[in-house]
There are 2 protein chains.
Amino acid sequence: MTAIKENSTIQENKQYALDTCPVTYAMQKIGGYWKPIILYHLSGGDKRYSEIKRAIPAVTEKVLIQHLKQLELDGLIIREAKPVVPPFVTYRLSAAGTGLMPVISAMATWAFKDMEGAFGA
Amino acid sequence: MTAIKENSTIQENKQYALDTCPVTYAMQKIGGYWKPIILYHLSGGDKRYSEIKRAIPAVTEKVLIQHLKQLELDGLIIREAKPVVPPFVTYRLSAAGTGLMPVISAMATWAFKDMEGAFGA
DNA sequence: CATGGCACATACTTTAGGGTAAGTACTTGT
DNA sequence: ACAAGTACTTACCCTAAAGTATGTGCCATG
């Protein structure tokens, strides 16, 4: 289902990468420009939409929501909306999102080492 | 140098992400479609160009070389060319590249868990 | 009465990255 | 003479993702 355009080799290739490479699978889910940053901010606890927005001023609203929706679809975060007069929406990490944290921090650790040339730059 | 177009907000945003997020930094380096796969194949030991090519038939030569050059530039792999009659080029992981392996496998582990719904899909 | 905050949506544009196809220089095998 | 292998390069195309700009409904406040 969710039909992929048949006449597109690029899609086949993507599919191949997804099938053969779990890392590519993971990247699909955290590979947005801002997704790791969002995830990081949520790792500190629940946040409402406007808090996230203020925490990451460089991202546009469109992209932020786009990513939040995607992360929700991917089951990494959970959206809770209270149907009150001024909208009140909170986002928090799901189990899968929490399970991603070690990965994120492993990457971060590596990045810091690499940045300071610990691998012999 | 390698001047970034000044009048481009997208570049500023990328820069911001790179500065504030080590994960984004790491993704820059392993975020190509085939980079993790290449890295994985090299983790099994040195390989020559044509071996890699045969190991990953789905990737085109252009992209493969593109990624190899990039990985070399980023210091993740080391290229050794013997100036012999038929070219003989081998690629292998650098220290930084090896240091990335735990990260890769952490991602893979998470991906497998997530795929089988271990987080409560 | 209009301005601003909240949580979005929508239309349009741009760019980086991946894909296709073809060519290069040199040599060995038939 | 010609195909085939090795390691690339180059020119051009197409798409997905990020960006820009603007609008929406609702309410409170100045």
Side-chain angles (χ1 to χ4, degrees), chain A residues 4-18 21 24 27-38 47-73 77 79-91, chain B residues 2 4-18 21 24 27-38 47-72 77 79-91:
Chain A
I4 295 170
K5 270 192 213 157
E6 299 149 272
N7 56 348
S8 176
T9 309
I10 190 173
Q11 292 299 345
E12 286 167 26
N13 282 347
K14 289 194 177 182
Q15 199 50 50
Y16 173 87
L18 271 173
C21 183
T24 303
M27 300 253 249
Q28 284 283 111
K29 307 211 157 193
I30 58 168
Y33 247 90
W34 306 99
K35 285 195 196 159
I37 303 179
I38 295 171
K47 284 224 161 71
R48 2 184 351 188
Y49 171 78
S50 52
E51 287 183 291
I52 303 175
K53 206 182 95 174
R54 271 190 298 271
I56 320 170
V59 71
T60 63
E61 284 192 82
K62 180 204 141 191
V63 173
L64 179 54
I65 290 188
Q66 208 170 268
H67 281 146
L68 287 170
K69 299 265 167 206
Q70 191 58 53
L71 289 168
E72 196 198 352
L73 259 177
I77 63 174
R79 193 189 100 112
E80 261 167 321
K82 290 176 190 162
V84 292
V85 230
F88 193 95
V89 182
T90 35
Y91 293 92
Chain B
T2 59
I4 296 172
K5 272 192 210 155
E6 300 150 272
N7 57 346
S8 176
T9 309
I10 190 173
Q11 293 297 346
E12 287 166 25
N13 282 348
K14 289 195 177 184
Q15 198 52 51
Y16 172 87
L18 272 173
C21 183
T24 302
M27 300 256 249
Q28 283 284 111
K29 307 212 157 193
I30 58 168
Y33 247 92
W34 305 99
K35 285 194 195 159
I37 302 178
I38 294 170
K47 282 224 162 71
R48 23 190 322 199
Y49 171 77
S50 51
E51 287 183 293
I52 303 175
K53 204 181 96 176
R54 272 190 297 269
I56 319 171
V59 71
T60 64
E61 285 192 82
K62 180 203 141 190
V63 173
L64 180 54
I65 291 188
Q66 209 170 267
H67 281 148
L68 287 170
K69 299 265 166 205
Q70 192 58 54
L71 289 168
E72 196 198 351
I77 63 175
R79 194 188 100 113
E80 260 167 322
K82 290 176 189 161
V84 291
V85 229
F88 194 97
V89 182
T90 34
Y91 292 92

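These values consider heavy atoms only, across backbone and side chains, with no hydrogens, waters or symmetry-generated copies. We name chains A, B, ... by the order of the sequence lines, and we start the count at 1 in each one.
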Is the phosphate of [N], meaning OP1 or OP2, less than 4.0 Å from a side-chain N or O of [X]?
X	N	value
Arg54(A)	dC6(C)	yes
Ser50(B)	dA7(D)	yes
Tyr91(B)	dC8(D)	yes

Exercise. Is there a side-chain contact between His67(A) and Val63(A), using heavy atoms and a 4.5 Å cut-off?
Worked result: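 Side chain of His67(A) against side chain of Val63(A), heavy atoms only: contact under 4.5 Å found.
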- [ ] Would you mind reporting whether Ile38(A) and Ile77(A) have side-chain heavy atoms less than 4.5 Å apart?
- [x]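 A side-chain contact is absent here, since even the closest heavy-atom pair is not under 4.5 Å.
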Between [atom2] of [N] and [atom1] of [X], the distance in whole Å:
X	N	atom1	atom2	answer
Lys29(B)	dG17(C)	NZ	C1'	18 Å
Tyr33(B)	dC14(D)	OH	P	19 Å
Lys53(B)	dC8(D)	NZ	C1'	10 Å
Trp34(B)	dA16(C)	CH2	C1'	18 Å
Phe88(B)	dT28(C)	CZ	C1'	17 Å
Gln70(B)	dC8(D)	CD	P	15 Å
Lys82(A)	dC27(D)	NZ	P	19 Å

> Which part of the nucleic acid, if any, lies within reach of Pro86(B) when heavy atoms closer than 4.0 Å are counted: base, sugar-phosphate only, or nothing?
Replying inline: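 Nothing, no nucleic acid heavy atom in range.
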On a heavy-atom basis, which atom in [X] and which in [Y] lie closest, and how many Å separate them?
X	Y	value
Ile30(B)	Pro36(B)	O-CD, 3.3 Å
Lys35(A)	Gln28(A)	NZ-O, 3.6 Å
Glu61(B)	Tyr49(B)	OE1-OH, 3.2 Å

Point to revise | Which residue lies more 5' along DNA chain C, comparing Pro87(B) with Arg48(A) via nearest heavy atoms | key: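 Counting from the 5' end, the first nearest nucleotide belongs to Arg48(A).
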Listed partners of Lys29(A) passing side chain to side chain donor-acceptor pair (under 3.5 Å), at least two apart =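 Lys29(A) satisfies side chain to side chain donor-acceptor pair (under 3.5 Å) with Tyr25(A), Asp114(B) only.
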With respect to the side chain of Val89(A), which nucleotide from dC27(D), dA7(C), dG18(C) is positioned closest?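 Of the options given, the side chain of Val89(A) lies nearest dA7(C).
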Strictly below 4.0 Å, heavy-atom distances to any atom of DNA chain D: list the hits from residues 62-69 of chain A, or just say none.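 Here the set is Lys62(A), Val63(A), His67(A).
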Can you give the donor-acceptor pairs under 3.5 Å from side chains of residues 79-91 of chain A to other protein atoms, not counting sequence neighbours?
residue  : atom : partner  : partner atom : Å
Glu80(A) : OE1  : Arg92(A) : NE           : 3.2
Thr90(A) : OG1  : Glu80(A) : O            : 3.4

Exercise. If you pin Arg79(B) and Glu61(A) to their nearest nucleotides in DNA chain D, which one's is more 5'?
Worked result: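 Taking each residue's closest nucleotide, the earlier one in sequence belongs to Arg79(B).
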